[in-house]
Number of protein chains: 2
Amino acid sequence: MSAAGQRAEVLIRSLREQGQRVTTGRRAIIEVVAANADLSAEEIVGFVQRDHPEVHSSTVYRTLETLEEAGLVRHLHLGHGPARWQLAADPSYRLACEGCGTVQLVPRVRFDEVRRQVQAEFGFAVAFQHFAMTGRCSACQ
Amino acid sequence: MSAAGQRAEVLIRSLREQGQRVTTGRRAIIEVVAANADLSAEEIVGFVQRDHPEVHSSTVYRTLETLEEAGLVRHLHLGHGPARWQLAADPSYRLACEGCGTVQLVPRVRFDEVRRQVQAEFGFAVAFQHFAMTGRCSACQ
DNA sequence: GCACTAGGTGCGAGCTGGTCGCATCTGGGT
DNA sequence: ACCCAGATGCGACCAGCTCGCACCTAGTGC
């Protein structure tokens, strides 16, 4: 089984262990998110409906919300436009260029020191996850 | 004249110098933004219509866009919900708590070193202005 | 297996936060 | 005072969700 498939199985098991039902739609949505980072809800609908055309977009929105409450996925904003969905275990932050729209992944651990300093100075546990860090990439500066 | 009034006059002059017309509505919108940081467009509509009930909300949206293109104001996102508007000259970043919604202002200069490091390591000029930095305040941790 | 039922789903209406087309009006140059 | 490009009021429209409701089904108990 692919790495994405294995990640999906872990999430499905965790969902069931939390007392949630595992339906065809939920399984398909989890597989799509596990295999493709930073898709929008509508893009997820598109992928899911290839194999399961009966799954409605409102189900996808509701399932993503359920999975987020279960701590399995997370949404973030890369800029204007729809939210993007990723696995909660995703180990990267996003640098999103406001010029060309490209998104650069950087290891979260690289910002541990910054987070420590902000905590010490302002008493604030900054997360950098819900919103991408925006700015200009080297090509657009 | 108040400090906010003086800031408003500077912006109005700058707008005219850029070849833009200064109308009653634009003047009122600038005065509201200069006097109140981080209002939503609808809140600005409310303030403006107290004195000028004929000013339409679409005018406020269009004027804010014009002022942003002119480099005089900027919108940012503190979380979900509507964008918030501030003067482009605002010298603070926002730490927005995802627990209680409170927003802590911190001097931009405090992040100069982080920005320098991100530039050196990833070639990315990070701005921290379009999106607030989200996380948990000391009370919510 | 089979029935039962709480929880999940399809469907479509509705909502928030804007964006846009168009006829009318007006700031500011002459 | 006149003129007209650019600004405005108004309402229709749009993206990106959110929700109410009737129907359906996963998973439990037998």
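As the structure is a prediction and not an experimental result, all values here were calculated from the model. Quick note: numbers below take in every heavy atom, side chains included, and nothing from hydrogens, waters or symmetry partners. To find a chain, count down the sequence lines: A is the first, B the second, and so on, and within it residues start at 1.
Salt-bridge annotation for B:R62 and B:E65: absent, with no side-chain N of the basic residue lying under 4.0 Å from a carboxylate O of the acidic one. A salt bridge is defined here as a Lys NZ or Arg NE, NH1 or NH2 lying under 4.0 Å from an Asp or Glu carboxylate O, and B:R108 with B:D90 fails to meet this definition.
A:F128 and A:F124 end up in the same hydrophobic cluster when Ile, Leu, Val, Met, Phe, Trp and Tyr side chains are linked at under 4.5 Å.
A distance of 10.0 Å separates CD of B:Q86 from NE2 of B:H75, quoted to the nearest 0.5 Å. Remark: A:I12 CD1 to A:I30 CD1 distance equals 5.0 Å, nearest 0.5 Å. Summarising the geometry, atom OG1 belonging to A:T63 is positioned 4.0 Å from atom CD1 belonging to A:I29; distances are rounded to the nearest 0.5 Å. B:C137 SG to B:E98 CD: the interatomic distance, rounded to the nearest 0.5 Å, is 11.0 Å.
The only member of B:R84, B:R94, B:R74 that meets salt bridge (Lys or Arg N to Asp or Glu O under 4.0 Å) when paired with B:D38 is B:R94.
C:dG17 atom C1' lies 14 Å from atom NE2 of B:H80, rounded to whole Å. When the C1' atom of C:dT16 is taken as reference, atom CZ of B:R84 falls 13 Å away, rounded to whole Å. Rounded to an integer number of Å, the gap from A:I29 CD1 to C:dG8 P is 12 Å.
Closest of all the heavy-atom pairs between A:A70 and A:L15 is CB-CD1, 4.4 Å.
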Original post:
Are A:H77 and A:H130 close enough, and set up right, to give a ring pair (Phe, Tyr, Trp, His ring centres under 6.0 Å), and what steps lead you there?
Top reply: CA-CA 6 Å; A:H77 303 275; A:H130 184 201; 5.0 Å; yes
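Helix bend of the helix from C:dG1-D:dC30 to C:dT30-D:dA1: the angle between its two end axes, each built from five pairs, comes to 30° after rounding to 10°.
Although no hydrogens or angles enter the test, the distance criterion places no donor-acceptor pair under 3.5 Å between the side chain of A:Y93 and the main chain of A:Q104.
Each of B:E42 and A:P53 lies near DNA chain C, and the nucleotide nearest A:P53 is the one positioned closer to the 5' end.
Chain A approaches DNA chain D over the interval D:dG16 to D:dG27, counting the first and last nucleotide 5' to 3' with an atom under 4.0 Å from its heavy atoms.
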**OP:** List the protein contact pattern of nucleotides 19-30 of chain C with one symbol per nucleotide (5' to 3'): B for base contact, S for sugar-phosphate-only contact, - for none; contact means a heavy-atom distance under 4.0 Å.
**Re:** BBB----BBS--
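Counting any heavy atom pair closer than 4.0 Å across all strands shown, A:G81 reaches sugar-phosphate atoms only and no base atom. Heavy atoms of B:A83 sit under 4.0 angstrom from primed sugar atoms or phosphate atoms, though from no base atom.
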